[in-house]
Novice: 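Quick one: the structure is below, questions incoming.
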Amino acid sequence: MKIVFHQDYCRTYSSDPAATPGRMEAILEELKGLEFVEPTPATDDDVVLVHTQNHINCIKRMPQVYEIALLAVGGAIKASQIALTGEPAFALIRPPGHHASPDSCWGFCYFNNIAISIEKLRRNGVVKKAVIVDIDLHYGDGTANIFSSIPEVIYHHVAGGPRENFLTDLAAFLDSINECDVIAVSAGFDRHEQDWGGTLKTEDYQNAAEIIKEFSEKTCMGRRYAVLEGGYNHNVLGKNVRAFLEGFEW
Ligand SMILES: [Zn+2]
């Protein structure tokens, strides 16, 4: 497994919780010893695969944000390319992306990293059908909007509610999928019992990742990657990412 990361993700590009100083460092601390690779920034040609030129122009008016948002997209693209070789990958990136719709964004997101990476694979003809599973506390309205009229890409946000529902819902959803060429995970960690959602235990992330790993091995030759979305309690975020990656394939 490879971790896609760039030192520039440690930069503070805004005042929102995803951009807080120390957030990336808290995760890095737990991932020592893993193999890291560096992404290059995406281009407007990549971003326009899912966003309007008007939206791109809006983000360009915030030069610092625009620069780091392109690098985040580049991280997701790199992870998707690694996954296509059969090796799992995790994009340790920010800003997050799942609240970025074609022509708007909110919730600390600017460009939809995971959606662009999937769409790039599809346009290049290397995959036809894709599944995106979102385990973040929040519904990825941006991702859902982008793929609402594209039946080849199935977006699923794992149900909220009590802790017991989480793994059951994830497994039931994946059981309903007969074929896909790659699975991507919007990996947010804000459902944790010590984060905003107050629900999941750290071990649940490992179990979720194992379910996804088994699905990918059965269905799409193990092609799987995950992209960081939310997760805001620096005291537990690193441990939760680590647990997820242990299940995804340490
Ligand atoms: Zn969230």
Side-chain angles (χ1 to χ4, degrees), residues 9 12-27 30 50 59 65 68-69 72-73 75-76 79 90-102 104-118 131-148 155-163 165-167 169-170 173 183-209 212 225-245 247-248:
Y9 296 137
T12 299
Y13 51 87
S14 84
S15 58
D16 69 55
T20 311
R23 183 168 175 258
M24 291 285 108
E25 290 83 347
I27 300 172
E30 293 287 338
V50 313
I59 306 302
V65 166
I68 197 68
V73 175
F90 176 66
L92 175 52
I93 60 176
R94 69 179 184 185
H98 71 156
H99 296 306
S101 286
S104 62
C105 62
W106 70 287
F108 329 140
C109 299
Y110 304 96
F111 296 141
N112 198 313
N113 307 311
I114 203 164
I116 296 165
S117 67
I118 285 290
V131 167
I132 300 175
V133 165
D134 193 333
I135 62 169
D136 192 273
L137 169 65
H138 305 97
Y139 181 69
D141 56 325
T143 314
N145 288 336
I146 287 165
F147 294 114
S148 62
Y155 170 79
H156 180 73
H157 181 253
V158 179
R163 179 188 171 209
N165 287 8
F166 179 73
L167 294 176
D169 180 277
L170 174 64
F173 165 68
I183 181 166
V185 185
S186 263
F189 297 89
D190 41 3
R191 285 185 205 236
H192 188 257
E193 58 185 352
Q194 292 177 56
D195 209 306
W196 295 353
T199 310
L200 297 185
K201 296 197 178 296
T202 297
E203 69 211 54
D204 295 330
Y205 290 107
Q206 179 167 352
N207 292 333
I212 294 164
Y225 66 102
V227 172
L228 182 66
E229 302 283 1
Y232 304 105
N233 181 347
H234 300 187
N235 294 326
V236 291
L237 178 57
K239 287 183 178 62
N240 291 335
V241 172
R242 182 187 164 107
F244 180 85
L245 295 181
F248 212 50

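We're numbering straight along the sequence, starting at 1. We count ligands from 1, going down the list as the structure has it; atoms in each ligand are counted the same way.
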Novice: Calculate the angle formed at the Zn ion (ligand 1) by OD2 in Asp190 and OD1 in Asp136; 10° precision is enough.
Specialist: 110°

Novice: Looking at the Zn ion (ligand 1), is one of the N, O or S atoms of Glu229 less than 2.8 Å from it?
Specialist: no

Novice: Can you tell me which residue pairs pass the salt bridge (Lys or Arg N to Asp or Glu O under 4.0 Å) test with a partner in residues 226-239, sequence neighbours excluded?
Specialist: Glu30-Lys239

Novice: Which atom, counting only N, O or S, brings His138 closest to the Zn ion (ligand 1)?
Specialist: ND1

Novice: Look only at the side chain of Asn113 and the backbone of Pro95, and say whether a donor-acceptor pair between them is shorter than 3.5 Å.
Specialist: yes

Novice: Are the aromatic ring centres of Phe108 and Tyr13 under 6.0 angstrom apart?
Specialist: no

Novice: Verify side chain to side chain contact (heavy atoms under 4.5 Å, CB included) between His98 and Ile132, making sure each step is shown before the conclusion.
Specialist: CA-CA 11 Å; His98 71 156; Ile132 300 175; over 6 Å; no

Novice: Using 2.8 Å as the threshold, say whether any N, O or S atom from His98 sits that close to the Zn ion (ligand 1).
Specialist: no

